[in-house]
Amino acid sequence: MSFQTEIVKWYLINKRALPWRDTTDAYVIWLSEIILQQTRVEQGLPYFNNFLQSYPTVTDFANATETQILKLWQGLGYYSRGRNMLFTARQIRDSHAGIFPRKYDDLIQLKGVGEYTAAAISSFSANESKAVLDGNVFRVLSRYFGIETAINSTEGKKQFNELAQALIEDQQPSLYNQAIMEFGALQCKPKSPDCGNCPVQSGCYAKTNDRVSLLPLKLKKLKKRTRYFNYFVCFDGGQLLVNKRTAGDVWQELYDFPLIETENPYLEDQEQFLTKLKTNFGEACIIAPLAKQKHLLTHQTIYVQFFALDNYIINFNMNAEIKWVSLAAFEELPQPKVITNFMISNSIKQ
DNA sequence: ATCCCGTCGG
DNA sequence: CCGACGGGAT
């Protein structure tokens, strides 16, 4: 039996009885799908019932005020869903004679209806053969077929889309789409799914290769770190004090200047800044701010502040990484862009 | 504290 | 492409 057939068979036995199943009314399906975006069935169910009772048709919905809609939406979160629904309902009332679209290409035009929702409504209401791709489907497909491409990468989306669309081809679109999502929600759950009871365990890549808890793959949301680099330019007798950057940070093996990193701009936490300054350059040193630069990396935003120093002594962890070099020698060394920019814009050359 | 999740707008 | 958008489950 094919994967699809097994999934549908499982669905017919295990599906929950939900009020938006077994209707082909695109308005009712739209109502349920928007409510269920980013929302669990148990939480959305009472809202769906309230909305449908209050607004049995899209025209009823369109005639509501924004306040009424948002009041009914209260507690469900992502309130732009409610606002977009009202906009869409009014558009359908005024420009589509109150008839809710059923074709994917028309649905996707509607505010608040993206790829997933357009596929859901078109398949459930009109059996259009568009594969749904929600979090459940990503999970089921990545595990069963062993797709190790991240689901939130451009390449991954393309790959999953093609696979999902191929799988639906010979199926009853509405039935199969509902089946695979329900299967993901109840059986192939994100955390500790009951693989021992799974009807497709023998063909499942993740089960066979012990990858269930690792799939689907998702790219880490890289949140940008903000850092403050305070560089000290020590220029004496034609020699420049430079620092070779070490492992475990940006610009590994490149050369910059002695650096004090602070958690805030130096003017906002002068105590921390001055303490570190004195430790490294002695009590009596004097600073003069030079140029500032904002440097953007993929994963970090670095605010760079250069300083000139006077009357300093060098205590700077006099490890092998810090040394005096001539300007000519420094020009031959690899440097981060931020350092080269500084040298050029200040016309520091021989 | 961390994860989950569709669409929009910048 | 990426952050904003909410609430619930774990």
Side-chain angles (χ1 to χ4, degrees), chain A residues 16 18 20 29-48 50-51 66 69-92 101 104-124 130-143 149-161 164-165 177-178 180-194 206 212-226 296-301:
Chain A
R16 292 167 288 187
L18 296 170
W20 49 82
I29 294 165
W30 169 72
L31 202 52
S32 71
E33 288 301 336
I34 305 290
I35 287 173
L36 293 177
Q37 284 170 6
Q38 309 293 288
T39 305
R40 283 158 210 284
V41 166
E42 311 81 68
Q43 194 200 356
L45 186 53
Y47 287 85
F48 170 81
N50 286 342
F51 268 99
E66 187 162 272
I69 297 299
L70 291 177
K71 184 65 190 168
L72 218 50
W73 200 272
Q74 181 178 288
L76 199 51
Y78 287 117
Y79 296 91
S80 64
R81 289 183 291 172
R83 292 194 298 272
N84 286 341
M85 282 180 102
L86 186 55
F87 179 93
T88 292
R90 289 178 175 171
Q91 193 181 7
I92 291 170
Y104 180 94
D105 291 342
D106 297 329
L107 290 159
I108 196 76
Q109 307 294 333
L110 303 175
K111 207 171 213 157
V113 176
E115 288 180 17
Y116 161 76
T117 307
I121 300 174
S122 68
S123 65
F124 300 164
K130 285 276 188 215
V132 289
L133 207 43
D134 72 344
N136 295 309
V137 179
F138 275 119
R139 191 167 56 250
V140 172
L141 295 185
S142 72
R143 285 177 178 168
T149 319
I151 62 173
N152 56 343
S153 66
T154 308
E155 172 60 22
K157 280 175 189 150
K158 183 169 165 262
Q159 209 174 329
F160 279 94
N161 238 315
Q165 197 56 43
N177 269 344
Q178 300 202 51
I180 191 167
M181 287 197 288
E182 190 78 336
F183 182 78
L186 300 183
Q187 176 69 40
C188 197
K189 296 180 292 187
K191 299 254 166 77
S192 47
D194 184 6
V212 174
S213 63
L214 300 172
L215 291 174
L217 236 61
K218 202 172 179 182
L219 257 34
K220 294 266 174 287
K221 276 253 175 261
L222 55 94
K223 54 169 183 256
K224 278 207 175 188
R225 213 167 30 129
T226 301
L296 300 171
L297 303 175
T298 317
H299 51 301
Q300 302 186 12
T301 303

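Protein chains get the first letters and strands the later ones, always in sequence-line order, with residue 1 at the start of each. These numbers were taken from a predicted model, which means no experiment stands behind them.
- A:E66 contributes atom CD, which lies 12.5 Å from atom CH2 of A:W73 (distance to the nearest 0.5 angstrom).
- In terms of heavy-atom proximity, A:Q74 sits nearest to A:Y47 at O-OH, 2.7 Å.
- Interatomic distance, A:Q43 CD to A:L36 CG, rounded to the nearest 0.5 Å: 10.0 Å.
- Residue A:R81 places none of its side-chain N or O atoms closer than 4.0 Å to OP1 or OP2 of C:dG6.
- Scanning both residues, A:P193 and A:R143, for their nearest heavy atoms gives CG-NH1, 3.7 Å.
- Nucleotide B:dC3 holds its C1' atom 12 Å from the CZ atom of A:R139, rounded to whole Å.
- Rounded to whole angstrom, the span from the CG atom of A:L133 across to the P atom of B:dC5 amounts to 11 Å.
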Which atom pairs link the protein and nucleotides 8-10 of chain B when you take only N or O atoms and keep those under 3.5 Å?
residue, atom, partner, partner atom, Å
B:dC8, OP1, A:G112, N, 2.5

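- Counting any heavy atom pair closer than 4.0 Å across all strands shown, A:E42 reaches no nucleic acid atom.
- In this structure, the CG atom of A:N152 is 13 Å from the C1' atom of B:dC3, given to the nearest Å.
- For the pair A:Q37 CD and C:dG8 C1', the computed distance is 17 Å after rounding to whole Å.
- Nucleic acid contact for A:L76: sugar-phosphate only, since backbone atoms but no base atoms lie under 4.0 Å from a heavy atom of the residue.
- Here the shortest heavy-atom pairing between A:R139 and A:N136 reads NH2-OD1, 2.8 Å.
- As rounded to whole Å, 9 Å separates atom P of B:dT7 from atom CD1 of A:I121.
- For the pair A:K189 NZ and B:dC3 P, the interatomic distance rounds to 20 Å; values are reported in whole Å.
- Remark: P of B:dC4 and CZ of A:F138 are 13 Å apart, rounded to the nearest angstrom.
- Dashed line: the shortest gap from a side-chain N or O of A:T39 to OP1 or OP2 of C:dG6 is not under 4.0 Å.
- When distances run from any side-chain atom of A:Q43 to the nucleotides B:dT7, C:dG8, B:dC4, the shortest one goes to C:dG8.
- Side-chain contact, A:N84 with A:R81: no donor N or O sits under 3.5 Å from an acceptor N or O.
- Contact check, A:T154 against C:dC1: a side-chain N or O comes under 4.0 Å of OP1 or OP2.
- Scanning both residues, A:A120 and A:S123, for their nearest heavy atoms gives O-OG, 3.2 Å.
- A:Y116 has no side-chain polar atom (N or O) that falls below the 4.0 Å cut-off from OP1 or OP2 of B:dC5.
- If you take OH of A:Y78 and P of B:dG6, they are 10 Å apart, rounded to a whole angstrom.
- For A:E115, the side-chain atoms get nearest to B:dT7 when compared with the rest of B:dT7, B:dC4, B:dG6.
- Taking 3.5 Å as the limit, the base of B:dG6 and the side chain of A:Q38 contain a donor-acceptor pair of atoms between them.
- At the heavy-atom level, A:R83 lies nowhere under 4.0 Å from the strands shown.
- Side-chain contact check for A:Y116 and A:E33: at least one donor-acceptor pair (N or O, by modelled atom type) lies under 3.5 Å.
- Mapping A:R40 and A:G77 onto DNA chain C by nearest heavy atom places A:G77 closer to the 5' end of the strand.
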